[in-house]
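Notes follow the structure.
All values below come from the heavy atoms of this structure, side chains included, with hydrogens, waters and symmetry mates left out.
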Amino acid sequence: MTDNSIWDRPPEAPVLRTGAFRLTMIERPFPGPAGSLPAHDHTRARDIAAGLTTVEEITAELEPRPDSDGLPHETRADLEQLDVGCWGPVTEITDAAFAHRGEFTPLADHAEALAKRYPNAALIGSVTVDFAIRYRAFLFLHPDGTQLWADGWAGEDPWTVTGNVHDIIDAFAVRSALEEAGFNAAAEPGVMAWSELEDVILRSLMPVRRSERMLSGFRVTRPREVAVHLEETWLEE
């Protein structure tokens with residue numbers, strides 16, 4: 001049941017902007033790009049969802065559905081839903097609470113908490129929020145400890161970058177693949193092809209075909225701080 005007391009706006013309040021928000025966790029041994037992944041594990045998805053720092057409590061488990069179906073993102077009530085897909089060593093979490101407008105870094109904060117639970121996993125995540133100028137954030141975390149964080153406004157300076165692009169390229173052994181893709185690791189952060197870096201790393205670690213994958217949706221209550229950030233990001237003018 002929804003706890004409306006933690007929210008400043010009613011459940012029907014409209015979401016004012018679009019965006020994307022996904023965090024992928026790949027546990028060792030990395031499956032690699034060939035073949036296919038096991039079927040979705042709903043029980044494990046629920047366990048992972050219940051342990052997320054964006055979640056206070058799971059209030060409803062929705063029927064598993066195709067990964068190709070989008071997460072509802074129209075009203076404040078939709079901000080109380082998240083998706084988790086668990087396919088063997090690969091887990092993908094889609095949660096609007098990973099996003100913000102730059103003052104905070106919830107994607108990095110929540111990924112760090114997940115990394116403590118799963119120290120043998122790589123974590124690759126990204127967020128976009130379509131304000132008047134698009135805000136973007138990217139996270140790359142290798143289980144050996146190598147990390148890279150970058151966030152800022154598309155095409156604008158300055159960006160915040162923590163870590164070294166070359167170190168993360170070497171940690172995931174994707175230098176040749178990036179060269180073939182024409183990726184410029186020397187580009188300025190505001191114009192670097194971060195999405196391409198994310199895509200190449202993910203494709204090196206796991207099969208990326210989504211057509212036959214299922215995932216689980218969960219309705220949840222949020223910690224008060226998470227609810228405040230969700231309203232600031234998605235509901236404020």
Side-chain angles (χ1 to χ4, degrees), residues 1-7 9-15 18-27 31 36-100 106-107 109-118 120-127 202 206-231 233-235:
M1 184 174 182
T2 297
D3 181 2
N4 288 318
S5 67
I6 66 170
W7 299 92
R9 291 166 177 78
E12 67 273 12
V15 169
T18 58
F21 27 85
R22 176 175 286 160
L23 179 62
T24 304
M25 179 173 73
I26 310 102
E27 296 177 78
S36 59
L37 294 172
H40 170 61
D41 184 338
H42 174 78
T43 301
R44 186 164 191 261
R46 191 192 191 285
D47 290 343
I48 288 176
L52 293 174
T53 48
T54 63
V55 172
E56 188 74 30
E57 182 182 3
I58 293 175
T59 59
E61 300 181 33
L62 308 180
E63 286 294 323
R65 66 181 195 279
D67 187 20
S68 55
D69 291 357
L71 182 70
H73 189 67
E74 297 181 359
T75 67
R76 194 222 77 190
D78 292 334
L79 301 179
E80 296 170 292
Q81 183 174 330
L82 58 87
D83 286 345
V84 181
C86 288
W87 311 287
V90 175
T91 298
E92 286 192 346
I93 305 161
T94 304
D95 188 350
F98 292 152
H100 201 256
L107 174 64
D109 297 340
H110 297 305
E112 181 179 353
L114 199 60
K116 290 178 181 178
R117 293 172 59 195
Y118 301 95
N120 204 35
L123 288 160
I124 313 293
S126 62
V127 162
L202 285 174
M206 56 178 275
V208 296
R209 295 181 298 279
R210 301 180 180 277
S211 57
E212 297 180 359
R213 292 184 194 168
M214 303 293 287
L215 50 71
S216 296
F218 302 95
R219 293 201 62 80
V220 303
T221 55
R222 302 290 196 176
R224 170 60 180 167
E225 182 181 8
V226 172
V228 168
H229 288 171
L230 280 162
E231 291 194 305
T233 305
W234 301 109
L235 306 178

By side chain to side chain donor-acceptor pair (under 3.5 Å), Thr18 pairs with (sequence neighbours left out) Asp130
What distance separates [X] [atom1] from [Y] [atom2], expressed to the nearest 0.5 Å?
X      : Y     : atom1 : atom2 : value
Glu225 : Ile6  : CD    : CD1   : 11.5 Å
His110 : Leu52 : NE2   : CG    : 8.5 Å
Thr94  : Asp67 : OG1   : CG    : 7.0 Å

Does Glu74, at its CD atom, have more than 12 non-hydrogen atoms belonging to other residues, nucleotides or ligands within less than 6.0 Å?
no
Quick note, salt bridge (Lys or Arg N to Asp or Glu O under 4.0 Å) partners involving residues 56-66, not counting sequence neighbours, are Arg46-Glu61, Arg65-Asp83
Does [X] have any side-chain contact (heavy atoms from CB on, under 4.5 Å) partners at least two apart in sequence or in another chain, and if so, which?
X      : result
Arg117 : Leu114
Thr91  : Met25, Arg44, Ile48, Val84, Cys86, Ile93
Ala13  : Arg9, Pro10, Arg76
Ala97  : Thr54, Asp95, Arg222, Val226, Leu230

Smallest heavy-atom separation, Thr233 atom then Ala99 atom, equals OG1-O, 3.5 Å
Applying ring-ring contact (aromatic ring centres under 6.0 Å, His included) to His42 and not counting sequence neighbours gives Phe218
By ring-ring contact (aromatic ring centres under 6.0 Å, His included), Tyr118 pairs with (sequence neighbours left out) none
key: Note, Leu23 side chain near Leu107 side chain (heavy atom, < 4.5 Å)   = yes
